[in-house]
Amino acid sequence: MEYNFKEVEAKWRAKWASDKTYKSEINSDKPKCYVLDMFPYPSGAGLHVGHPLGYIASDIYARYKRLKGFNVLHPMGYDSFGLPAEQYAIQTGQHPALTTEQNINRYREQLDKIGFSFDWDREVRTSDPSYYKWTQWIFIQLFNSWYNPETNKAESIETLIPKIKNFDQLSEKEQSDILMEYRLAYLGEAFVNWCPALGTVLANDEVKDGVSERGGHPVERKMMKQWSMRISNYAQRLLDDLEGIDWTESIKESQRYWIGRSEGSSLRFEVQNSELKLEVFTTRPDTIFGVSFMVIAPEHELVEQLTSADQKQAVEDYLEKTKNRSERERMADVKNVTGVFTGAYAIHPFSGKQIPVWIGDYVLAGYGTGAVMAVAGHDSRDYAFAKQFNLPIIPVVEGGDLEKEAYEAKAGKIINSDFLDGLEVKDAMKKVIAKIEELGLGKGKINYRLRDAVFGRQRYWGEPIPVFYKDGIPQVLPENELPLVLPEVDKFLPTEDGEPPLARAKDWKYKGEFEYETTTMPGWAGSSWYFLRYMDPKNDSAFVSKEAVDYWQNVDLYIGGSEHATGHLLYVRFWTKFLNDRGFIPVNEPAKKLINQGMIQGRSNFVYRFDFHGKVLFQSTFEENSEGMARESFEDAKVEVESDVLYYFVDNSPNIFLSHNYYAEFINGKLSKEDICNLVKIKFPFFNDYTERYGVDFELSSIKLTALHVDVNIVENDVLDLDAFKNWREEYKNAEFILEDGKYICGNEVEKMSKSKWNVVSPDLIVEKSGADVLRLYEMFLGPLELSKPWNTNGISGVSNFIRKLWRLYNQDGVWSVSEEKAEKKELKSLHKTIKKIVEDIERFSFNTSVSNFMICVNELTELKCNKREVLEPLAIIISPYAPHIAEELWLKLGHKDSIFTATFPVCNESYLVESSFNYPISFNGKTRFMREFDLSVPKEEVEKEVMAMEQTQKYLEGKTPKKVIVVPGKIVNIVL
RNA sequence: GCCUUGGUGGUGGAAUGGUAGACACGCAGGACUUAAAAUCCUGUGGCAGCAAUGCCGUAAGGGUUCAAGUCCCUUCCGAGGUACCA
């Protein structure tokens with residue numbers, strides 16, 4: 001009996017579920033291991049083969065760790081608040097909770113088919129009130145905390161109050177306002193990305209090229225009152241602690257860049273004939289003598305006061321222009337330098353020279369002080385501005401060619417700089433900062449690019465912010481009144497006055513009296529702490545129990561996509577540090593190790609349709625006959641008469657498809673339109689008949705081959721399943737094909753996986769056709785986990801064969817045939833070599849090579865006709881993380897009562913691997929020429945001697961005396977000529 | 001532009017500085033079969049040759065080394081991220 005994957009897999013999945021095989025509990029006897037996947041947003045489209053890639057990898061790792069004696073926590077859940085469900089709700093009126101539920105069910109069904117070892121009892125959903133109760137609770141803790149720069153951690157707001165002078169004597173409103181400037185969750189004014197089409201505010205990382213990431217709607221900058229998170233207080237720690245975590249370098253680099261630490265100095269410039277002072281931040285105080293102008297942002301608060309009377313009109317015009325320029329436009333032409341002179345002059349703090357003050361939109365209001373001291377010689381943006389407006393460029397660092405470009409390197413000797421002349425950049429930097437501080441003009445300073453994160457969204461489908469307003473003063477809800485449940489609304493749209501959807505909720509007031517906050521939390525709120533909730537998902541009295549978090553600590557392995565580098569992965573680090581500061585959890589990083597799985601792209605297939613018009617060349621006397629002929633053949637023919645010539649225009653009927661090679665040759669010019677027509681005529685002689693009898697012919701100008709996406713699920717190895725194609729769509733029912741070598745070969749292209757390109761492959765289909773084990777092995781076999789690669793099923797039969805071969809090791813001629821005989825040395829060697837490799841592979845997440853190693857092992861054992869329990873039992877265990885279903889079935893048949901996942905991963909016995917001899921490659925100048933076997937006990941000198949004495953050696957020596965002979969024992973012999 | 005990655009047969013991909021192309025797909029030939037499927041066997045980087053064998057070959061060019069796909073330098077190309085951050 002051949003292996004029946006359908007029956008076996010279904011049986012085990014049911015049994016694992018009913019036995020709760022993967023249930024994990026706090027068990028302090030065993031070391032813990034927490035393996036986490038980035039949880040999915042349950043979209044309406046369901047899973048495609050790209051999604052499970054990371055899940056399979058983490059599942060293998062989790063199962064492996066379990067067999068290695070770890071107590072493994074491997075949960076799964078859903079990031080179930082989000083915009084798509086809300087937009088669907090707006091379109092259809094269906095409640096997002098409903099569609100979310102449906103989508104989750106679909107995801108679950110698909111996930112279940114793949115045989116993951118998730119502990120489903122720990123499932124979380126961020127949109128569930130029992131979950132978001134605690135998201136709200138954490139918000140309250142953030143609200144009630146401030147960042148103490150002295151202790152360098154978050155503390156209760158209570159420790160701040162004594163530091164504020166006369167706090168008791170202030171009014172309630174004044175107290176609230178002061179504390180609001182320190183709270184880690186605070187209500188503040190901020191420029192936000194307002195998206196009118198979505199009626200919501202978007203985070204920086206949700207805006208791409210000036211349009212919303214989801215939906216692509218335009219976004220404008222607008223000043224609004226917003227709930228925000230003071231993540232910027234954590235900038236330095238978020239940066240420093242990257243050192244201690246084992247994350248991919250690319251993610252760390254993105255985060256470093258995003259945090260954007262820069263060291264420099266603040267510096268105040270006096271303004272001529274004015275009391276005003278202009279403060280700038282610069283990273284190059286050493287170039288202070290190279291300042292030839294200043295530039296301030298159009299939004300700078302001093303713009304009006306600095307503008308002189310005769311520049312007033314010009315400045316106003318400029319401001320009007322930049323205001324109307326959308327973000328998108330500004331980004332589209334970065335090269336277009338714009339600006340205007342204010343008419344004001346600043347005074348150089350050292351030289352006393354006049355420096356013109358300009359306005360330019362390359363200076364951003366939100367960074368530093370919104371003003372720069374422009375050093376055109378040593379900053380490319382200042383350089384471009386100076387060139388545009390003919391401003392002076394003063395070289396102050398030696399090196400570079402200022403005729404061509406700015407010299408930005410921080411190296412060289414300082415020139416033209418008074419007391420700094422002759423110093424190296426580094427030393428000049430120190431000296432000038434000291435001077436600036438001495439004169440009280442400013443001080444050395446560190447700036448961060450990282451901005452506070454806006455937390456409020458003008459949306460319905462998110463966690464309500466647990467805040468109400470009493471006399472205009474925001475108050476958080478008492479903790480015992482959580483959760484603040486999302487109220488029902490009549491529509492999921494903003495109100496007519498532009499209020500968020502929650503403002504529609506009827507009689508939704510705290511104690512029937514006080515207005516609730518109407519914005520909701522962003523998508524990242526729930527995902528910033530979910531790794532903690534999995535530890536204790538049902539806890540009703542705490543977000544996680546001390547016991548659970550003390551045991552599970554943090555994530556040992558986190559697998560997910562790199563697209564979350566600066567969003568989710570930064571926020572979750574921030575919240576973790578905060579919760580740690582406040583003593584709620586013992587860890588300050590969420591994940592010790594993180595790896596990114598690559599994207600699986602789609603591999604589209606194409607068919608090539610022959611498109612033509614038919615044309616009658618005969619004159620009108622033949623009209624009737626010809627027309628009859630046409631009607632008979634082409635039901636949809638359009639008939640037109642033009643100067644006595646009858647034309648039939650026949651559109652795509654019948655459907656004729658040419659195999660890919662013809663298309664390729666047509667495109668590269670090897671086949672002409674005539675050649676294509678002739679091919680069609682050879683295949684379908686009736687076209688020839690028409691030509692001969694009635695003069696019907698193809699109109700050459702209309703001939704083309706149209707490439708059409710074809711459903712990749714009816715194509716195998718680029719060969720089209722003709723019958724399936726005919727049934728695919730009604731209009732292809734009578735399709736005709738021109739084949740090559742008896743097959744219809746489809747074209748292919750790598751594109752993003754998408755429904756419209758017909759290249760989406762659902763894992764369900766693979767499972768249906770080949771089984772879950774095959775899907776799991778194949779996804780791993782495709783290549784290194786981190787690399788992006790196109791999906792193709794070309795190699796899947798190899799994995800299918802492997803599973804069958806594995807089965808046959810245990811079953812000869814369909815009969816269970818494992819013997820109790822003692823295994824031979826060769827057999828044990830094959831097994832132990834494999835154990836060693838698999839352990840190495842898993843530890844370095846090289847899952848593709850481990851599949852190869854299993855294949856090698858099974859091939860070897862098949863060759864040896866090995867059927868010994870001593871070998872086959874450990875083999876089942878080492879393969880079980882990869883192919884759990886078949887392994888479990890083999891385990892049962894081997895006579896075990898308990899699941900294979902209660903077994904122990906075998907240990908490699910090195911003594912089986914010891915080789916007594918080695919087949920040395922003998923090379924000349926590094927080129928291997930022949931082989932020679934030596935016992936490994938033979939000393940170097942002896943090897944050299946014997947090799948030199950060989951006849952073949954003499955041949956390659958060509959009579960010369962070798963300069964040197966290198967013998968690396970167990971590796972190679974190299975003879976240098 | 002910058003950052004991060006990659007670039008190896010027809011294809012997916014292997015290779016602690018030590019026999020480049022493991023494993024798999026595909027392809028070709030063969031066995032079994034009335035036939036097909038399945039299975040099994042053999043071959044398969046390129047060029048030349050009946051063959052033995054020789055030459056060439058890891059994006060391109062240099063370098064280090066007895067020995068380089070691997071280390072260093074320069075250049076080119078692809079993918080992902082990012083963007084006027086003073």
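Throughout, a chain's letter reflects where its sequence line sits, starting with A, and its residues are numbered from 1. Hydrogens, waters and symmetry mates are skipped; everything else that's a heavy atom, side chains included, is used.
- Taking the P atoms as reference points, U11(B) lies 12 Å from G46(B), given to the whole Å.
- Side chains of Ser232(A) and Tyr448(A): a donor-acceptor N/O pair is absent below 3.5 angstrom, by distance only.
- Residue Asn848(A) places at least one side-chain N or O under 4.0 Å from the OP1 or OP2 atom of A14(B).
- Close to A38(B), at under 4.0 Å from its OP1 or OP2, lies no side-chain N or O of Arg808(A).
- For Arg449(A), no side-chain nitrogen or oxygen approaches OP1 or OP2 of C84(B) to under 4.0 Å.
- Residue Lys964(A) is the one, among Gly368(A) and Lys964(A), whose nearest nucleotide of RNA chain B lies closer to the 5' end (criterion: closest heavy atom).
- Between Asp379(A) and Val976(A), the residue anchored closer to the 5' end of RNA chain B is Val976(A), taking for each the nucleotide with the nearest heavy atom.
- For C3(B), the OP1/OP2 oxygens have no side-chain nitrogen or oxygen of Tyr257(A) closer than 4.0 Å.
- Between Asn859(A) and A24(B) there is a side-chain polar atom (N or O) within less than 4.0 angstrom of OP1 or OP2.
- Nucleotide G9(B) carries a syn base; the chi torsion (O4'-C1'-N9-C4 or O4'-C1'-N1-C2) is within 90° of 0.
- Among C23(B), A67(B), U4(B), the nucleotide with an atom closest to any side-chain atom of Phe781(A) is C23(B).
- Going from the P atom of G78(B) to that of U8(B) covers 14 Å, rounded to whole Å.
- Distances shorter than 4.0 Å separate some side-chain N or O of Lys927(A) from OP1 or OP2 on C56(B).
- At a threshold of 4.0 angstrom between heavy atoms, the contacts of Thr928(A) are confined to the sugar-phosphate backbone, with no base atom among them.
- Residue Thr282(A) places its side chain closer to A86(B) than to any other of C3(B), A22(B), A86(B).
- In summary, the side chains of Glu933(A) and Ser917(A) do present a donor paired with an acceptor at a separation below 3.5 Å, with no hydrogens or angles considered.
- Nucleic acid contact for Asn801(A): sugar-phosphate only, since backbone atoms but no base atoms lie under 4.0 Å from a heavy atom of the residue.
- Taking the six-membered ring for Trp, His348(A) and Phe289(A) have ring centres closer than 6.0 Å.
- When all heavy atoms of Phe934(A) and Arg932(A) are compared, the pair lying nearest together is CE1-CG, 3.2 Å.
- Using a 4.0 Å cut-off, some side-chain N or O of Tyr956(A) falls inside it from OP1 or OP2 of G54(B).
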